[in-house]
Undergrad: 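For reference, the structure I am asking about is given below.
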Number of protein chains: 2
Amino acid sequence: MKEWDRHNAISDFVRTSRKDSKMTQSELSDLTGVGLRFVRDLEQGKPNLMTDKVNQVLLFFGHQLTPTPISDETRRNMGE
Amino acid sequence: MKEWDRHNAISDFVRTSRKDSKMTQSELSDLTGVGLRFVRDLEQGKPNLMTDKVNQVLLFFGHQLTPTPISDETRRNMGE
DNA sequence: TTAAATTATACCCTAAAAGGTATAATTAAT
DNA sequence: ATTAATTATACCTTTTAGGGTATAATTTAA
């Protein structure tokens, strides 16, 4: 099974945004309409997520998934 | 069934990048390792996609999915 | 230190994504 | 105008994400 990376762009963004808003995973789950389990998978870096579920959460923070150029930093961490 | 939007950020990016590279959907499918059907769903704006499949294609063009602020343009088109 | 709250892990089930194939439609080439 | 190539649609099957629940671990508050 592909291993999880807690520190990818999406996981980090959601975890940080949520903490900044002083919310629990459970509250974020309620407010966004996605399952609590999904919030957890998301923050822990589950590799395979459905885009519209992710967007459902990102939208709450005024963001969305878009294609962006791969940073050097990301490229460095890719083979690990 | 949620209707498809051919002109979302991801679809447009992939279709444009592919055409710029003078590739067919079939070639992109072969080169990225995702199914031909997926390339089609992707370019035609299927709403629910798996992030790692999308990234598999984006990576080929040096991009990846990341959370970005929702643009005013996007916000304007949201209710439609 | 204990208790309470929050987060993480494990199980099962259902719904749907992804892929294959076949066919139709559209576009490009001759 | 015909033909060939590319793209789109439809049907079916397999795989797995997401959700629910229960339990364990961790963090926070008292």
Side-chain angles (χ1 to χ4, degrees), chain A residues 1-61 63-68 77-78 80, chain B residues 1-61 63-68 77-78 80:
Chain A
M1 188 192 69
K2 194 172 170 185
E3 105 172 25
W4 294 26
D5 170 22
R6 278 166 162 60
H7 294 291
N8 65 76
I10 300 173
S11 299
D12 281 343
F13 175 81
V14 173
R15 203 173 334 100
T16 303
S17 300
R18 178 178 64 79
K19 296 227 163 192
D20 287 352
S21 311
K22 312 276 187 203
M23 281 188 293
T24 66
Q25 293 175 337
S26 181
E27 287 168 328
L28 184 57
S29 162
D30 289 342
L31 288 166
T32 57
V34 305
L36 176 54
R37 271 279 316 279
F38 181 81
V39 172
R40 288 170 179 166
D41 289 349
L42 180 57
E43 292 195 0
Q44 283 158 53
K46 183 177 180 180
N48 255 5
L49 301 168
M50 318 239 349
T51 53
D52 76 335
K53 287 285 159 189
V54 178
N55 279 323
Q56 208 172 324
V57 175
L58 294 187
L59 190 62
F60 183 82
F61 297 115
H63 285 60
Q64 73 187 142
L65 288 179
T66 57
T68 58
N77 295 345
M78 272 185 42
E80 299 170 6
Chain B
M1 188 192 70
K2 193 170 169 186
E3 104 173 23
W4 294 26
D5 170 22
R6 280 168 162 58
H7 294 292
N8 64 78
I10 300 172
S11 299
D12 281 343
F13 175 81
V14 173
R15 203 172 337 98
T16 302
S17 301
R18 178 178 63 81
K19 295 226 163 191
D20 287 354
S21 310
K22 311 274 188 208
M23 281 188 291
T24 66
Q25 292 176 338
S26 182
E27 288 168 328
L28 184 57
S29 161
D30 288 342
L31 289 167
T32 58
V34 305
L36 175 54
R37 272 279 317 280
F38 181 82
V39 172
R40 286 166 181 168
D41 289 349
L42 180 57
E43 291 196 1
Q44 283 156 53
K46 182 176 179 181
N48 253 9
L49 301 168
M50 316 239 343
T51 52
D52 76 334
K53 287 285 157 190
V54 177
N55 279 324
Q56 210 171 323
V57 175
L58 294 187
L59 190 62
F60 183 83
F61 297 115
H63 285 60
Q64 73 187 142
L65 289 178
T66 56
T68 58
N77 296 345
M78 275 185 42
E80 296 167 8

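No hydrogens, no waters, no symmetry mates; every other heavy atom, side chains included, goes into these values. A, B, ... follow the sequence lines: proteins, then strands. Residue 1 opens every chain.
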Undergrad: Has A:R40 got a side-chain N or O lying under 4.0 Å from the OP1 or OP2 atom of D:dA25?
TA: no
Undergrad: Once you round it to whole Å, what is the distance between P of C:dT23 and CG of B:L36?
TA: 16 Å
Undergrad: In whole Å, what is the span from the CH2 atom of A:W4 to the P atom of C:dA10?
TA: 10 Å
Undergrad: Could you state the atom-to-atom distance from CG of B:L49 to C1' of D:dT15 in whole Å?
TA: 16 Å
Undergrad: Separation of B:M50 atom CE from D:dT14 atom C1', in whole Å?
TA: 14 Å
Undergrad: Between P on C:dA5 and CD on A:Q25, what's the gap in Å once rounded to a whole number?
TA: 16 Å
Undergrad: Report yes if a side-chain nitrogen or oxygen of A:K46 is closer than 4.0 Å to either non-bridging phosphate oxygen (OP1 or OP2) of D:dG18; otherwise report no.
TA: yes
Undergrad: Quick one: pull up CD in A:Q44 and CG in A:D41 and give me the separation to the nearest 0.5 Å.
TA: 7.0 Å
Undergrad: For the CG atom of B:L58 and the CG atom of B:L42, what is their distance to the nearest 0.5 Å?
TA: 7.5 Å
Undergrad: Go through C:dA17, C:dG19, D:dA17 for me and flag the one nearest to the B:V34 side chain.
TA: C:dG19
Undergrad: Please give me the minimum heavy-atom distance between B:S29 and B:G35, naming the atom from each residue.
TA: OG-C, 3.6 Å
Undergrad: Phosphate oxygens OP1/OP2 of D:dT14: is one of them under 4.0 Å from a side-chain N or O of B:R37?
TA: no
Undergrad: Tell me the interatomic distance from B:Q44, atom CD, to D:dA8, atom P, rounded to whole angstroms.
TA: 4 Å
Undergrad: Contact class for A:R15 (heavy atom, under 4.0 Å): base, sugar-phosphate, or nothing?
TA: nothing
Undergrad: D:dT26 C1' sits how many Å from A:R6 CZ, rounded?
TA: 12 Å
Undergrad: Out of D:dG18, D:dT6, C:dA18, which has the shortest distance to the side chain of B:F38?
TA: C:dA18
Undergrad: Testing the basics here: between B:E43 and B:Q25, what is the closest heavy-atom pair and its distance to 0.1 Å?
TA: OE1-NE2, 3.3 Å
Undergrad: Separation of A:D41 atom CG from C:dA10 atom P, in whole Å?
TA: 12 Å
Undergrad: Taking the side chain of A:K53 as heavy atoms from C-beta outward, which of D:dG19, C:dT9, D:dA8 is closest to it?
TA: D:dG19
Undergrad: To the closest 0.5 Å, what do you measure between CD (B:Q64) and CD1 (A:I10)?
TA: 8.0 Å
Undergrad: Check every strand shown and say whether A:E43 touches a base, only sugar-phosphate, or nothing at a heavy-atom separation below 4.0 Å.
TA: nothing
